[in-house]
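The structure appears right after this line, and notes come after that.
In listed order, ligands and their atoms are each counted from 1.
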Amino acid sequence: MLQITRPRTIKTIVELRDIVRDWRRAGDLVALTPTMGGLHEGHLSLVRAARRRARRVIATIFVNPTQFSAGEDYETYPRDDVRDAELLAGAGCDLIYAPSVDEMYPEGFATTVSVASTTNGLCAAHRSGHFDGVTTVVCKLLNQANPDYAIFGEKDWQQLVTIRRMVRELDMPIRIASSPTVREADGLAMSSRNRYLSGAERPIAAKLNKALFASADHIAHGLPLDRVIAACSKALLSAGFDEIEYLEARDAHTLEPIDNYAIAGESRLFIAARIGKTRLIDNVAIERTGLTE
Ligand code: AMP
């Protein structure tokens, strides 16, 4: 029977650097997949994508306190080290880096990495300080591990473009790769937070992706953005969502807002909505098949 050994878990920057140095000496490429744990198939797809690019794969598990706003779920965020390690072993991860908060933010830590422009609006408008927390921790993880590749999910598209921009503008010699959103059978984007959904909320949650795909299709076929967005929001609220935080079309790369009739280049439709105490986000491409620029 095939025996899968659990990857080693390390907790310090010194250990991480030693191991990566040895791998590099042996000529191996290294890929990093940052996560906050509470792993699901979406995370594992990133590990597999990393494996396709590099011989050595590191997954980080760090519930980063600085990317949670006041009143968010930092304390209750799902943590299950044993289960996570088993899942990572099955996906081909070589090493788990799970630093403590003190290792990442020693007493007196005073640096923030902040990317402007891609953090105007969308999630940034509803999660104060979130992206500064993300870019600061990802910058540190990339500097600590010094990988050839880092892999991020398209589910968090605003995070992905913000990290790409940070890496480019800070001249970090790391290739950022993205991996498509992994969905449940009914299309709900997998998320560690989906476990907060009650039995009654779960089928309602699946309406989010269906409404989003349908709206992107209507926009692609030339219906006015504002009308599509208003209809989609109304439908989701009457289906049982409590709040639509945003529903907006933006340029896929710059995240600039898009005018009503001026869809051009690659654009995406972004949503965040609340159902009970759960906040769901999703985004899809607006595929303008048959239209010319
Ligand atoms: P998190 O643990 O939520 O911080 O996510 C860690 C990484 O996994 C990020 O790059 C996310 O974009 C990615 N990710 C989370 N959910 C999914 C999903 N359903 N499909 C693909 N990637 C995902």
Quick one: look at [X] and ligand 1, take heavy-atom pairs under 4.0 Å, and tell me if it's side chain, backbone, both or neither.
{"X": "M36", "answer": "both"}
{"X": "P34", "answer": "backbone"}
{"X": "L46", "answer": "side chain"}
{"X": "S191", "answer": "neither"}
{"X": "K155", "answer": "side chain"}

Of the protein's non-hydrogen atoms, which lies at the shortest distance from [atom], and what is that distance?
{"atom": "atom 21 (C) of ligand 1", "value": "P180 O, 3.5 Å"}
{"atom": "atom 22 (N) of ligand 1", "value": "G153 CA, 3.6 Å"}
{"atom": "atom 20 (N) of ligand 1", "value": "V182 N, 2.9 Å"}
{"atom": "atom 12 (O) of ligand 1", "value": "D156 OD2, 2.6 Å"}

Would you check if there is a donor-acceptor pair between the side chains of T136 and T112 at a distance under 3.5 Å?
->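 Per modelled atom types, T112 and T136 side chains form no pair under 3.5 Å.
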Y105 and N64: side chain donor to acceptor below 3.5 Å = yes
Which atoms of ligand 1 sit under 4.0 Å from any heavy atom of [X]?
{"X": "Q159", "answer": "9 (C), 10 (O)"}
{"X": "T35", "answer": "2 (O), 6 (C)"}
{"X": "F152", "answer": "10 (O)"}
{"X": "T181", "answer": "20 (N), 21 (C)"}
{"X": "M190", "answer": "16 (N), 17 (C), 18 (C), 19 (N)"}

Judged by atom type as modelled, is there a donor-acceptor pair below 3.5 Å linking the side chain of N146 to the main-chain atoms of R17?
-> no
Output yes when a side-chain donor or acceptor of D251 lies under 3.5 Å from a complementary backbone atom of P257, and no otherwise.
->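 Absent.
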Would you check if E248 and L255 make a side-chain contact, meaning some heavy-atom pair closer than 4.5 Å?
-> no
Rounded to the nearest 0.5 Å, how far apart are CG of L197 and NZ of K277?
-> 8.5 Å
Are there more than 12 heavy atoms of other residues, nucleotides or ligands under 6.0 Å from atom NZ of K207?
-> no
Determine the interplanar angle of the F68 and Y74 rings, folded into 0 to 90°, and report it as parallel if under 30°, tilted if 30 to 60°, perpendicular if over 60°.
-> perpendicular
Using salt bridge (charged side-chain N to carboxylate O under 4.0 Å, His left out) as the criterion, list what pairs up with D81, not counting sequence neighbours.
-> none
For atom 2 (O) of ligand 1, the option (of H43, E41, H40) bearing the nearest heavy atom |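 Nearest heavy atom to atom 2 (O) of ligand 1 lies in H43.
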Apply salt bridge (Lys or Arg N to Asp or Glu O under 4.0 Å) to the pair D148 and R56, showing each step before the final yes or no.
-> CA-CA 10 Å; D148 300 284; R56 300 295 189 172; over 6 Å; no
Does an N or O anywhere in A189 fall below 3.5 Å from an N or O of ligand 1?
-> no
